[in-house]
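Below is one structure, written out as structure tokens, with a few remarks after it.
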Amino acid sequence: MSQINFHLLDIKDQVNGDKRAIVSGKLGSWMMKVAKLVSGVTAVEITWSTGSGRPSPGPTDIVVYVTTDVDRSVIAVNGGDISEPESNGKVLGFTSANPTHKSALSEVYSARCFSPLEMAGAAFHEAAHNKSLQGNEMHKGQDGLLKSSPDYGFDPSDANLKFFAQFVQNEVKQTIVSQGTLNKRWFTGG
């Protein structure tokens, strides 16, 4: 028996406990629905890390960074292209996926999320990019939380859950960027 481990890394401890609880509850509920579609998956764990705390993700774990906005992009610090969310303020998160190396780096922009439900929806959306190792091609034929302009105020559709279930156990190397690297880039002396 296995479980789905979903790690949210709040790089500057910006999401308060009440919002974290709502995001965790929503994600946990949705991911349990995904788990029920996957043979052998019996549990889900949603965790938050802040500051220098970093998980050591297992081969099937999911990691999504929570940062304020593109000016604090973890993807950009890691050398990734964030031109899409820079040019479109309606994008609530972004994922840099590398299918060749089976690696991904995902982030959600908390300042762009009007509610914890939107943050949970954005994290679900980015995690689907992450685990499927797909860019915008993931949106093709999708509805709800996985279409190109998601309905973040709602739960994922049955089709969204089935799509995610196909990939949730894939081994994708989660890129971890140290808090020291982020502090050096943005927070030194502050």
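Both backbone and side-chain heavy atoms feed into the values below; hydrogens, waters and symmetry mates do not.
The main-chain N or O of N170 is found under 3.5 Å from a side-chain atom of K131 such that the two form a donor-acceptor pair. With N160 contributing its side chain and S157 its backbone, the two residues share a donor-acceptor pair below 3.5 Å. A donor-acceptor distance shorter than 3.5 angstrom exists from the side chain of N98 to the backbone of T100, with no hydrogens or angles considered. A distance-only check finds a donor-acceptor pair linking the side chain of N16 to the backbone of K19 [under 3.5 Å]. Looking at N78, its side chain never comes within 3.5 Å of a backbone N or O of L105 through a donor-acceptor pair. The backbone N or O of T95 sits nowhere less than 3.5 Å from a side-chain atom of H129 that would complete a donor-acceptor pair. Between the side chain of N130 and the main chain of A127, no donor-acceptor pair closer than 3.5 Å is present. A distance-only check finds no donor-acceptor pair linking the side chain of S103 to the backbone of K173 [under 3.5 Å]. Looking only at distances, a side-chain donor or acceptor of S24 sits under 3.5 Å from a matching main-chain atom of R20. Side chain of E107 to backbone of I75: a donor-acceptor contact under 3.5 angstrom is found.
Side-chain atoms of Y152 and L117, non-hydrogen and from C-beta on, never get closer than 4.5 Å to each other. Contact annotation: the side chain of Q169 approaches that of V38 to within less than 4.5 Å [non-hydrogen atoms, C-beta and beyond]. Side chains of Q134 and K140 form no contact here, defined as non-hydrogen atoms less than 4.5 Å apart. When side chains are defined from C-beta on, E45 counts as touching T47, because their heavy atoms get closer than 4.5 Å. Contact check for I176 versus V63: side-chain heavy atoms found under the 4.5 Å cut-off. Using a 4.5 Å heavy-atom cutoff, the side chains of V108 and T67 are not in contact. Annotation: side chain of F164 is in contact with side chain of M31 (closest heavy-atom distance under 4.5 Å). Side-chain contact check for T42 versus S2: every heavy-atom pair is 4.5 Å or farther apart.
Cluster annotation: V66 is not connected to L182 through the hydrophobic network of ILVMFWY side chains, with a link wherever side-chain heavy atoms come within less than 4.5 Å. L145 and M32 fall within the same hydrophobic cluster, where Ile, Leu, Val, Met, Phe, Trp and Tyr residues are linked whenever their side-chain heavy atoms come under 4.5 Å apart, directly or through other members. Under a hydrophobic clustering in which Ile, Leu, Val, Met, Phe, Trp and Tyr are joined whenever their side-chain heavy atoms come within less than 4.5 Å, directly or via other members, L146 and M119 fall into the same cluster. Cluster annotation: Y65 and I46 are assigned to distinct hydrophobic clusters (Ile/Leu/Val/Met/Phe/Trp/Tyr, side-chain heavy-atom contacts under 4.5 Å, transitive). In this structure, V77 is a member of the same hydrophobic cluster as F94, with clusters built from ILVMFWY side-chain heavy atoms closer than 4.5 Å.
Taking OG from S96 and CD1 from I82, the interatomic distance works out to 10.5 Å, rounded to the nearest 0.5 Å. Note that the CG atom of L9 and the OG atom of S106 stand 11.0 Å from one another [nearest 0.5 Å]. In this structure, S73 OG and I11 CD1 are separated by 9.0 Å, a value rounded to the nearest 0.5 Å. In this structure, H125 NE2 and Q142 CD are separated by 9.5 Å, a value rounded to the nearest 0.5 Å. For the atom pair CG of N88 and OG of S149, the computed distance is 7.5 Å after rounding to the nearest 0.5 Å. The distance from atom NZ of K12 to atom OG of S110, rounded to the nearest 0.5 Å, is 13.5 Å.
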>> Would K33 and D158 count as a salt bridge (charged side-chain N to carboxylate O under 4.0 Å, His left out) here? Give the steps.
In response: CA-CA 9 Å; K33 290 177 182 179; D158 287 344; over 6 Å; no
> Can V64 and I62 be said to form a side chain to side chain contact (heavy atoms under 4.5 Å, CB included), step by step?
Replying inline: CA-CA 7 Å; V64 176; I62 303 163; 4.2 Å; yes
>> What verdict does the side chain to side chain contact (heavy atoms under 4.5 Å, CB included) test give for S115 and E118, after you've listed the backbone C-alpha separation in whole Å, the side-chain angles of each residue and the deciding distance to 0.1 Å?
In response: CA-CA 5 Å; S115 71; E118 282 193 344; 3.7 Å; yes
>> If you apply the rule side chain to side chain contact (heavy atoms under 4.5 Å, CB included), what do you find for T68 with Y109, and how did you get there?
In response: CA-CA 5 Å; T68 50; Y109 309 121; over 6 Å; no
>> Between Q3 and N5, is the side chain to side chain contact (heavy atoms under 4.5 Å, CB included) condition met? List the steps.
In response: CA-CA 6 Å; Q3 76 175 27; N5 296 308; 2.5 Å; yes
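Across all their heavy atoms, R54 and S178 have their closest contact at NH2-C, 3.9 Å. Shortest non-hydrogen contact noted between D143 and A159 is OD1-CB, 4.1 Å. For M138 against S132, the heavy-atom pair with the smallest separation is SD-OG, 4.2 Å. In terms of heavy atoms, P116 sits closest to V23 at O-CG2, 3.4 Å. Of all heavy-atom pairs spanning A76 and R185, the tightest one is O-NH1, 4.3 Å. Pairing each heavy atom of F163 with each of F167, the nearest pair is O-CD1, 3.2 Å.
Scored by the salt bridge (charged side-chain N to carboxylate O under 4.0 Å, His left out) test, D69 finds R112 as partners (sequence neighbours excluded).
Screening residues 11-57 for ring pair (Phe, Tyr, Trp, His ring centres under 6.0 Å), with sequence neighbours left out, gives W30-F124.
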